[in-house]
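Numbers restart at 1 for each chain; the letters A, B, ... are given by sequence-line order, proteins then strands.
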Amino acid sequence: MDFAANLFSSGTLSQILVGLSRTTILFIVSSGMSLILGVLRIPNVAHGSLYMIGAFSAWSVIQLLGGGLFAFLAAMVVAPLIVAAVGFVLERGFFSYLYEREHLMLLLLTFSFALILGDLVKIVWGPEYRSVTVPVFFQGSAEIFGLPLPWYNLFLLVVGPCIAVFLWLVINKTNLGKIARAAAVDGEMVGAVGINTGWIFAFTFVLGSFLAGLGGALIAPMVNISLGMDHSLIMETFLIVIIGGLGNMWGALLGSLIFGLTQSLGILIWPQFGIAFPYLAVVAVLVVRPKGLLSSTW
Amino acid sequence: MKRSAAPLLLFLLLAALVALPQVLPRFHTYVAAIVLLTALLATSLNLAIGYTGLYQFGHAVFYGVGAYGTALMLTRSGMPAPVSFLAGPIAAAVLSLAMGLICIRLSKLYFGMLQISLGSLVWAVVYRWYSFTGGDDGIHGIPLPDAISSPKGSYYFILAVTALCVFAMHRIVRSPFGKVIQGIRDNPVRAAAIGVDVRRHQLASLVIAGFFGGVAGSLFVVVESSVFPDMMFWTFSLEVLIMCLLGGMYTFFGPFVGASVIVLLRVFASVHTQYWGLILGTILTLVIIFLPDGLLGVFARRSRPKENADA
């Protein structure tokens, strides 16, 4: 069986490592979605567009600063901030007036933002592909168990856990995080004790947008930055959030792991339909646990 | 709208639709056919979302499977055409049942997100399975029976099938079954308490919606004599949802109106601009903010159901 031969070849380990760096991106983006979903109860279809804006902004910042490590690091900070600003405008400009509406309406509103933002990106950056080269600092590969692994992928493997710890601290140790968790469970009660829930929602949406932008900026050197990149990502993010458990940050991490690994191993097992494997994993998880692997901690 | 005026209006509309290809040029007849089948698609989605309250976010998949089912039967099976035209919708209904069984245990938003994601899975398979579905190229030059291969012939066929299906769905909505699903939508707990098998009714509604969505897909084959994977992409699912919303989800003919408006706008806009997303997004934003009950909702007597607690 060449399936088995593929699976047990020496390429498997490096494929796993590549899958793990993909997991990092998925986790960063889906933790942002999970945050918004948990507190605001909106599956934000525009999340993929925010990720795309993050990637395009990173390209622009790097172009502006002329490349190099500094330009790259600056882009990793500035691009997510640009996206966070977009998120702020969307939340304060539109959502904040509509929280009383049916969830269906809010979901469709996020879809209309996705449509609008998609075309705005086309207007601002044009329809061509863009690409960012990895700065010299990250070029080359490390040897791990005799296999080459690009330094940039290793960098991502460090960034992922850092973001997870950072989010855990924000959610569990800061007042803002505690209030956000309370608002997720019972927004009315939080409002009744005199806390302005509107700003909690704005904060959550902005933080979620920032994470989407960060994911987009981080993936910029690894892929062609293109207009369609929002569409494929958003479905993956939805599924990750579903199988992880709504609003659960660790669930987003677990879901990303399942998704990233089945994706990279699926390609080994069956190249043509490798993309279907994560989806099959999702169906399997949901047949066993319809509400997701981890409970909603909010 | 007064009840007594409605049948007269419908009769006039039908008469106008019958006369259309006699007075309009060929391209407009083609657009009218697209309007009709898209309206059928939107009406079928509304059965699930507006009448049963299920967040059917992956509806374009049933449209696509209906189209591919018919297209594959016509090109490969050698079966008579009527069998092919039934095979597509039946495949869509079966898929709808399967997806429904996976999703039905979940609450509203979960249900919708999973529907849309499973739909993406089907899309991905169709997109990649070159040897069977033609992959991203789709299938072209599908042979059609002579009677429906001319522009006028196909238009009348589509008009007849659409009218028949819309009539059937209208009967379903007014039947005791229709009342039960509306009861489930308004308050599933109460419906269960009076002895309604909620799950079974929801599944039945999904199967019916999937079937008629599949019929719309089969009709697409008649107009274009081709199919391609993008017709079942998730963005199109949400676009159909917008049609329902724009026309009015809690009226029977709302989706029909909404679909007509969107399709005509799209045809018109594509002549002038490549920024259809910007236009559609802006319309949608305005509708959500100012017209949450849709165009026909303005005239409807019965108000929308109250939102139930959900997550």
Side-chain angles (χ1 to χ4, degrees), chain A residues 37-38 41-43 45-46 49 94 97-98 100-123 127 184 230-232 234-243 246-247 271-276 278-280 282-283 286-287 290-292 296 298, chain B residues 49 53 55 57 99 101-114 116-125 127-131 135 233-235 238-239 241-242 244-245 249 273-289 292 304-308 310-311:
Chain A
L37 194 59
R41 305 269 152 141
I42 308 167
V45 181
S49 317
F94 296 91
Y97 303 106
L98 297 166
E100 302 299 307
R101 295 283 182 80
E102 245 180 304
H103 291 123
L104 180 60
M105 298 292 173
L106 291 173
L107 178 122
L108 283 174
L109 192 62
T110 67
F111 178 55
S112 67
F113 291 154
L115 291 169
I116 292 171
L117 291 176
D119 268 0
L120 287 181
V121 167
K122 204 198 283 182
I123 290 170
D230 51 343
H231 287 332
S232 54
I234 194 78
M235 281 304 124
E236 297 177 2
T237 324
F238 266 6
L239 285 170
I240 286 167
V241 171
I242 292 173
I243 58 175
L246 180 107
Q272 192 187 5
F273 290 109
I275 48 166
Y279 295 96
L280 293 177
V282 168
V283 173
L286 286 168
V287 167
K291 292 258 168 184
S296 184
W298 294 94
Chain B
I49 198 158
Y55 284 6
F57 290 164
M99 277 170 65
L101 280 171
I102 295 175
C103 305
I104 201 84
R105 292 182 291 172
L106 303 175
S107 60
K108 282 190 165 184
L109 279 183
Y110 262 98
F111 178 94
M113 287 166 71
L114 192 57
I116 204 171
S117 310
L118 290 176
S120 297
L121 169 62
V122 176
W123 172 83
V125 170
Y127 192 80
R128 284 292 180 97
W129 199 349
Y130 285 93
S131 57
F233 198 55
W234 66 269
T235 50
L238 291 188
E239 206 172 318
L241 197 52
I242 296 175
C244 295
L245 181 71
M249 277 182 8
T273 166
Q274 51 168 330
Y275 300 115
W276 168 241
L278 196 62
I279 297 169
L280 185 63
T282 310
I283 293 173
L284 179 58
T285 307
L286 293 174
V287 169
I288 290 171
I289 294 174
R304 300 187 291 147
K306 283 205 181 107
E307 171 78 339
N308 295 309
D310 64 87

Evaluate the criterion side-chain contact (heavy atoms from CB on, under 4.5 Å) for residue pair B/Val122 and A/Tyr279; output intermediate values, then yes/no.
CA-CA 10 Å; B/Val122 176; A/Tyr279 295 96; over 6 Å; no
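- The most heavy-atom pairs under 4.5 Å with chain A, out of B/Leu114, B/Ile49, B/Val125, come from B/Leu114.
- The CZ atom of A/Phe94 sits 6.0 Å away from atom CD1 of B/Ile289, with the distance rounded to the nearest 0.5 Å.
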Identify all side-chain donor-acceptor contacts of residues 108-123 of chain A below 3.5 Å with residues at least two apart in sequence or on another chain.
{"residue": "A/Thr110", "atom": "OG1", "partner": "A/Val45", "partner atom": "N", "Å": "3.1"}
{"residue": "A/Thr110", "atom": "OG1", "partner": "A/Leu107", "partner atom": "O", "Å": "2.6"}
{"residue": "A/Ser112", "atom": "OG", "partner": "A/Leu109", "partner atom": "O", "Å": "2.7"}
{"residue": "A/Ser112", "atom": "OG", "partner": "B/Thr285", "partner atom": "OG1", "Å": "3.1"}
{"residue": "A/Asp119", "atom": "OD2", "partner": "B/Gly277", "partner atom": "N", "Å": "3.1"}
{"residue": "A/Asp119", "atom": "OD2", "partner": "B/Leu278", "partner atom": "N", "Å": "2.7"}
{"residue": "A/Lys122", "atom": "NZ", "partner": "B/Gln274", "partner atom": "O", "Å": "3.3"}

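- Environment of CZ in B/Phe111: crowded, with over 12 heavy atoms of neighbouring residues, nucleotides or ligands closer than 6.0 Å.
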Starting from the C-alpha separation in whole Å, work towards a yes-or-no answer on ring-ring contact (aromatic ring centres under 6.0 Å, His included) for A/His103 and B/Tyr55.
CA-CA 10 Å; A/His103 291 123; B/Tyr55 284 6; 8.1 Å; no
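- Per-residue counts of heavy-atom pairs under 4.5 Å with chain A were compared for B/Leu101, B/Leu238, B/Leu106; the largest is that of B/Leu238.
- Each of A/Ile42, A/Ile242, A/Leu280, A/Leu106 has some count of heavy-atom pairs under 4.5 Å with chain B, and the biggest count is that of A/Ile242.
- For a residue to count as touching a neighbouring chain, one of its non-hydrogen atoms must lie under 4.5 Å from one of that chain's; by this rule B/Phe57 touches chain A with the side chain only.
- Using a 4.5 Å cut-off between heavy atoms, B/Ile102 contacts chain A through its side chain alone, with no backbone atom that close.
- Residues A/Pro43 and B/Met113 approach most closely at CB-SD, 3.7 Å, considering heavy atoms.
- Using a 4.5 Å cut-off between heavy atoms, B/Arg105 touches chain A through its side chain atoms alone.
- The most heavy-atom pairs under 4.5 Å with chain A, out of B/Ile283, B/Leu241, B/Ile279, B/Val287, come from B/Leu241.
- Contact record, A/Met105 with B/Leu245: CE-CD1, 3.3 Å, taken as the closest heavy-atom pair.
- Minimum interatomic distance between B/Ser117 and A/Met235 (heavy atoms only, all atoms of both residues): CA-SD, 4.0 Å.
- How far CG of A/Leu239 is from CG of B/Leu118: 7.5 Å, rounded to the nearest 0.5 Å.
- At a 4.5 Å heavy-atom cutoff, the contact between B/Trp276 and chain A is made by backbone atoms alone.
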